[in-house]
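Okay, so here's the structure we're looking at.
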Amino acid sequence: MNRNRNMLLRELQELAFRMYDLRLFLDTHPCEESAIAEYNTASNKYNTMKAHYEKLYGPLTMEDTDNMGNYWQWVDGPWPWEKICEKGGQN
Amino acid sequence: MWNYDKKLQYPVNIKNPNPRLAKFIISQYGGPDGEINASLRYLSQRYSMPFDVARAVLTDIGTEELAHLEIVGSIIHQLTKNCTPEDIKKYGLEAYYVDHGLGVYPQAASGVPQTTMAIAVKGDVLADLTEDLAAEQKARSTYENILKLADEPDVIEPIKFLRAREIAHFQRFGEALRYVEDKLNEKNKFYMNKQ
């Protein structure tokens with residue numbers, strides 16, 4: 001995986017985690033408006049970042065993503081449990 | 001229903017394979033207090049849970065545990081990747097290897113396969129949420145045992161994350177239990193399922 005891809009993925013992971021943590025908080029504090037606002041801000045940023053990542057590196061989810069071209073990109077690696085190498089490609 | 005997001009919740013990149021660590025970390029994959037048992041417990045408790053707040057907590061934490069299962073599986077996989085039979089013998093992994101090769105099999109470090117006997121679904125609001133509090137402490141304790149035994153920074157980082165999540169989950173279940181107790185006190189404390 002190249003360095004740029006890895007960095008972008010890392011940012012997405014951090015933001016997605018922040019959203020999930022907020023989500024759990026809101027599950028037990030459903031009337032906390034400031035938390036909801038924070039969640040929405042993070043969610044917007046995430047959607048933009050995700051779309052950008054997927055354009056470059058292929059889909060992270062298929063439910064809300066079109067397949068580009070006539071090849072089913074979903075099958076492509078690397079898959080999440082693979083080691084991240086400095087050099088590109090699967091090891 | 002569930003969708004799959006093609007990224008780990010927390011990155012796992014283990015530069016040096018180390019089967020010795022895999023031998024005990026596997027307990028958080030298929031052991032009594034491991035992630036699949038946590039997920040199965042919470043996702044199963046949802047159906048008889050009458051309060052929306054608790055249903056949301058059980059659903060969302062149950063789902064997050066699946067993401068954690070994946071992290072632990074990735075750790076096991078990377079620790080044993082490309083291991084030779086010599087490595088297997090050196091680290092005493094023959095018993096596992098003969099049945100599972102370098103695959104990731106849901107079992108405890110003791111070799112006992114994953115068992116649902118280690119979890120409870122009582123269909124009782126107070127029992128189930130109290131069980132969940134205990135479950136999170138057991139998982140936290142297991143991760144702490146792993147941290148005492150592991151010495152690889154690449155392994156320690158994701159394990160510390162997973163341990164911190166157990167503490168956060170404990171907090172949420174505590175809040176859900178208090179919420180439910182308040183609701184029950186509005187009527188009567190010893191709520192019975194009207195089945």
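What you see is a predicted model, and the numbers here were worked out from it, not measured in a lab. Chain A is the first sequence line, chain B the second, and so forth, proteins listed ahead of strands; every chain is numbered from 1.
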What do you reckon, is CG of N3(B) surrounded by more than 12 foreign heavy atoms closer than 6.0 Å?
yes

Count the heavy atoms of every other residue, nucleotide or ligand shown that sit under 6.0 Å from CD of E94(B), and state whether that count exceeds 12.
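More than 12 heavy atoms, drawn from other residues, nucleotides or ligands, come within 6.0 Å of this atom.
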
Consider only side-chain heavy atoms of I, L, V, M, F, W and Y, link residues closer than 4.5 Å, and tell whether [X] and [Y] are in one cluster.
X       : Y       : answer
F161(B) : I61(B)  : no
F170(B) : V125(B) : yes
V57(B)  : F17(A)  : no
L162(B) : L79(B)  : yes
F173(B) : L66(B)  : no

Could you tell me the separation between the NE2 atom of H77(B) and the CD atom of E82(A), rounded to the nearest 0.5 Å?
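Separation between the atoms: 6.5 Å.
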
Atom CG in D27(A), atom OG1 in T59(B): separation rounded to 0.5 Å?
8.5 Å

Is NZ or CZ of R10(A) both nearer than 6.0 Å to the six-membered ring centre of Y10(B) and within 45° of the ring axis?
yes

Between L24(A) and H169(B), what is the shortest heavy-atom contact and its length?
CD1-CD2, 3.8 Å

Heavy-atom closest pair, residues K6(B) and V75(A):
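The pair with the smallest heavy-atom distance is NZ-C, 4.4 Å.
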
Could you tell me whether the side chain of [X] and the main chain of [Y] form a donor-acceptor pair under 3.5 Å?
X      : Y      : value
N13(B) : I84(A) : yes
Q13(A) : L8(B)  : yes
Q78(B) : W81(A) : yes

With only heavy atoms counted, which part of R55(B) is less than 4.5 Å from chain A, the side chain, the backbone, both or neither?
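Answer is neither: R55(B) stays 4.5 Å or more from chain A.
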
May I ask you to decide if the ring planes of W74(A) and Y4(B) are parallel, tilted or perpendicular, using 30° and 60° as cut-offs?
perpendicular

Mind ranking D52(B), V53(B), D5(B), D60(B) by heavy-atom pairs under 4.5 Å with chain A and telling me who comes out on top?
D60(B)

Close side-chain approach of [X] and [Y], heavy atoms under 4.5 Å:
X       : Y      : value
E14(A)  : P11(B) : no
E175(B) : H29(A) : yes
E70(B)  : P80(A) : yes
K7(B)   : W79(A) : no

If you apply the rule side chain to side chain contact (heavy atoms under 4.5 Å, CB included), what do you find for E64(B) with D21(A), and how did you get there?
CA-CA 10 Å; E64(B) 191 180 347; D21(A) 202 34; over 6 Å; no

